[in-house]
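Here is the structure we will look at.
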Amino acid sequence: MPRLTLIVPAYNVQGYVRECLDSVLRQDFTDFEVVAVDDCSPDGSGAILDEYAQRDDRVRVLHLSENVGLGHARNAGIEQATGDYLLFLDSDDTLTPGSLSGIAARLDATGDPDVLVYDYARSYWDGRLLPNQRADVLAAGDPAVFPLTERPGLLDLLQIVWNKAYRRDFVEAHGFRFPSGYYEDAPWTYSTLIAAERIAVLDRICVLYRQRREGGNILGTVSRKHFDVFDQYERVFTYLDEHPEFNSWRPALFRKMADQYLTVLERADRLPKSARSEFFHRAAADYSRRLPEGFERPGGARGYKYALLGMDSYPALTGVTRANRVRNRARAANSKRIKRAKRAGMRMFYQSQLRLPVDENLAVFSAYWSRGYSCNPAAIDAELARLAPHIRRVWAVHAEHVSRVPKGVEVVVVGSREYWTALARGKYFINNVNFADALVKRAGQIHVQTHHGTPLKTMGLDQADYPASTSMKMEDLLRRCDRWDYSISSNRFSTTVWERVYPCSYTSLETGYPRNDVLINSGAREVAQARRELGVADGSKVFLYMPTHREYQKEFTPRIDLAKLSEELGPDVTLLVRGHYFYKPTGRLAELQDSGRVVDVSGHQAVEQLYLAADALITDYSSAMFDYANLDRPIVIFADDWDTYKVVRGSYFDLMAEPPGAVATSQAQLTGILRSDEWRDETSAAFRARFRERFCDFDDGRAAERVVRSVFLREESLLPVTPLAERTPAPSPAQALELVERV
């Protein structure tokens, strides 16, 4: 008996079903069966299912003699299922890597609940991923297992069946089956959630819900079939009638019913115009018939529409809808006019400030597109305060990121009058990316490009050979680069790349990266403090996982099954996980943090402190490897998609041939490396030594001082660089603990 049964109905999906099945069969969790149901599909879907069944005995195919529709096709799959849990997967959707391991682990951890609810994201044809907007209701908490009464917000998730795992004997005990017709998920979803005594959640995206460019969504088809929604809610309320113990759910389900009816009416892609009035009157009849005693309508416009349903006033609803459209168009037009006027006014203000003298003692800083205070600019800022305190330092930061700036740092909010004043009158401009296109480079102003990593992946003009990796216009890029006076480099390799891919008339400053000074200058106390601030136990081994951005991955989803890796490495290992700054925080790691052994540090301001705290770095193609190498600590490369990455983005050298340490191309291999001594053995150290010789040229702990003395104090010669063999980087965590205990 397998742990999981995945039921996959198929109808006219020959273009998608292979990807669906591949996403299942390539999971690292293997204790499952697939019951694929060919719903008498007229295309080649059935033959494709048979092909997969011949190749993999975990796949069984059920060919139906007539087309019965999605609901009954699922029922046919249920009859064939033998697994402990039923999972439903539509045949044009896919599972994310590691999702079945995550589901199985959560089922085990919560003692086999009746229903497990997990997260999903919409996957668009153009590559976009849109997270579930109500993912907040899936956050882990206490108790881990609960009835719906303790989390009624689960009813506000989309009415879908494929984001849940159902214990099969729970389904059989209650006799749950799918009805026919559109909106068949509603009766099943509400009945199972209400009846379940033990529900658990998993805050992890397990399913990618495909949004086809054309077709594929029957609910987006103009048809009278949308009248099926009345039958489905008849089934929902019949279930309540038959189970008076659930009567308290009537108000909530009445609200869901009213919202569903209004959604069908308001969507232009649902009902034929000739049927809209008829639909409304049937909806109004249901509203009046099922209105719970003491029901309170929601406020605002939605509540007003509830009232119109109650009065069966279709003309009033159409009038409200028409008025809302006119009002919304007017608001949008007014908003655009106001924004245009504000932009025009600010441009005039900026032009006026450009007529004023340059302030010789004003330095303007920014980092990562004005996201906060960090990286090389922050290290230069601190050193400038020490060596040239007469220079005023201001940071350009977007309003939503101001809270991330340390107290005492002067901020100008991007777009404000203060911001445009600083851009017009500043003498020095320091950034690890480019400033806005609107900035005018004045005579006498000095721009310092610090960069934010050593390039493994192609950059600048070289990206033109990899069009999938960028949409920027090279002419615009070079115009921004023409403003540079200085380009900071951490090694000779970078210097040669920057000067070729950004062919402009700047001076290369081979100073080292200022942000890496702390990796050389820190002592045992600083290392111990970095670990304490992360809550890491003294005896714990810490691996820092830092994957890079992928153009073909629109949201940060770890390519490693972190729950499984953490379990296999044991309680003495802590995983720090840091997603690339291109990705918005998703909260997907919250559940794993409960154990304290997986810590999401994606929002941590100072990556250098994470480096200090880690015993080893796990990365793929991130420039983190070049910075971390300055610590002379082990680095492990996890490169499961190297062949794809080098084709899509391109690289300046073969990382597989010249790695900084041990290399894994699968999670099993990675686990083996980390559980043995291979991650820190002599072979790994030899790789790292060669890597350090090539890429750790100038990072000797005095990079920020070199920049300040050269750019701000106008000293002609750079401070000499301490040879690599003579440098003493910060001690390892084990060494730091020993030194601190001695003191």
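What's counted below: heavy atoms across the whole structure, side chains too, no hydrogens, waters or symmetry copies. Values in this document were obtained by computation on a predicted structure and should not be read as measured data.
Taking the ring centre of Y52 as origin, the terminal cationic atom of R55 falls inside the region bounded by 6.0 Å and 45° from the ring axis. Geometric assessment of R74 against the ring of F178 yields a positive cation-pi assignment under the 6.0 Å and 45° thresholds.
A donor-acceptor contact under 3.5 angstrom links the side chains of E33 and T5, judged on distance only. A donor-acceptor contact closer than 3.5 angstrom links the side chains of D50 and H63. Side chains of S41 and D39: a donor-acceptor N/O pair is absent below 3.5 angstrom, by distance only. Between the side chains of Q260 and Q159, a donor-acceptor pair is found at a separation under 3.5 Å.
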Using the salt bridge (charged side-chain N to carboxylate O under 4.0 Å, His left out) rule, take D312 and R282 through it: C-alpha gap first, then chi angles, then the decisive distance, then the call. CA-CA 9 Å; D312 195 10; R282 285 196 59 178; over 6 Å; no
For ring pair (Phe, Tyr, Trp, His ring centres under 6.0 Å), just list the numbers for F237 and F254, CA-CA rounded to whole Å, side-chain angles, deciding distance to a tenth of an Å, and then say yes or no. CA-CA 9 Å; F237 284 95; F254 178 83; 7.2 Å; no
Trace of the salt bridge (charged side-chain N to carboxylate O under 4.0 Å, His left out) decision for R250 with E293: CA-CA 10 Å; R250 284 186 183 275; E293 185 178 350; over 6 Å; no
As a quick check of understanding, evaluate salt bridge (charged side-chain N to carboxylate O under 4.0 Å, His left out) for E266 and R302, giving each step before the final call. CA-CA 12 Å; E266 291 166 352; R302 200 68 173 172; 3.2 Å; yes
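For the pair V201 and V137, the tightest heavy-atom approach, listed with the atom from each and the gap, is CG1-O, 4.4 Å. Nearest heavy atom pair, residue V115 against residue T192, reads CG2-O, 4.4 Å. Here the closest non-hydrogen pair linking D31 and M1 is OD1-O, 4.5 Å. Residue Y239 comes nearest to A195 through the heavy atom pair OH-CB, 3.5 Å, listed as atom of the first residue, atom of the second, then distance. The shortest heavy-atom contact between A73 and P9 is CB-CB, 4.0 Å.
The distance from the OG1 atom of T96 to the CG atom of D93 is 12.0 Å, given to the nearest 0.5 Å. The CH2 atom of W249 lies 10.0 Å from the CZ atom of R255; values are rounded to the nearest 0.5 Å. The line from OG of S101 to CZ of R106 is 15.0 Å long, rounded to the nearest 0.5 Å.
Between R151 and D156 there is no salt bridge, since none of the side-chain N atoms of the basic residue sits less than 4.0 Å from a carboxylate O of the acidic one. With salt bridges taken as basic N to acidic carboxylate O contacts below 4.0 Å, one links R290 and E234. A salt bridge links E278 with R224; the closest basic N to acidic carboxylate O contact falls under 4.0 Å.
Using a 4.5 Å cut-off on side-chain heavy atoms (C-beta onward), V13 and D90 make no contact.
Aromatic ring centroids of Y182 and H226 lie under 6.0 Å apart. Separation of the Y85 and Y166 ring centroids does not fall under the 6.0 Å cut-off. If you look at W188 and F88, their ring centroids are closer than 6.0 Å. Checked against a 6.0 Å centroid threshold, the rings of Y287 and Y261 do not count as neighbours.
Ring geometry, H243 versus F246: the interplanar angle falls under 30°, so the pair is classed parallel (tilted spans 30 to 60°). Below 30°, between 30° and 60°, or above 60°: for Y190 and Y233 the angle between ring planes is between 30° and 60°, a tilted geometry.
Atom CD of E197 has 12 or fewer neighbouring heavy atoms from other residues, nucleotides or ligands inside a 6.0 Å radius. Remark: E66 CD is loosely packed, at most 12 non-hydrogen atoms of other residues, nucleotides or ligands lying under 6.0 Å away. The neighbour count for E296 CD, taken as heavy atoms of other residues, nucleotides or ligands under 6.0 Å away, does not exceed 12. Within a 6.0 Å sphere centred on CZ of R26, other residues, nucleotides and ligands contribute 12 heavy atoms or fewer.
Annotation: ring pair (Phe, Tyr, Trp, His ring centres under 6.0 Å) contacts of H174 (sequence neighbours excluded): F170, F176.
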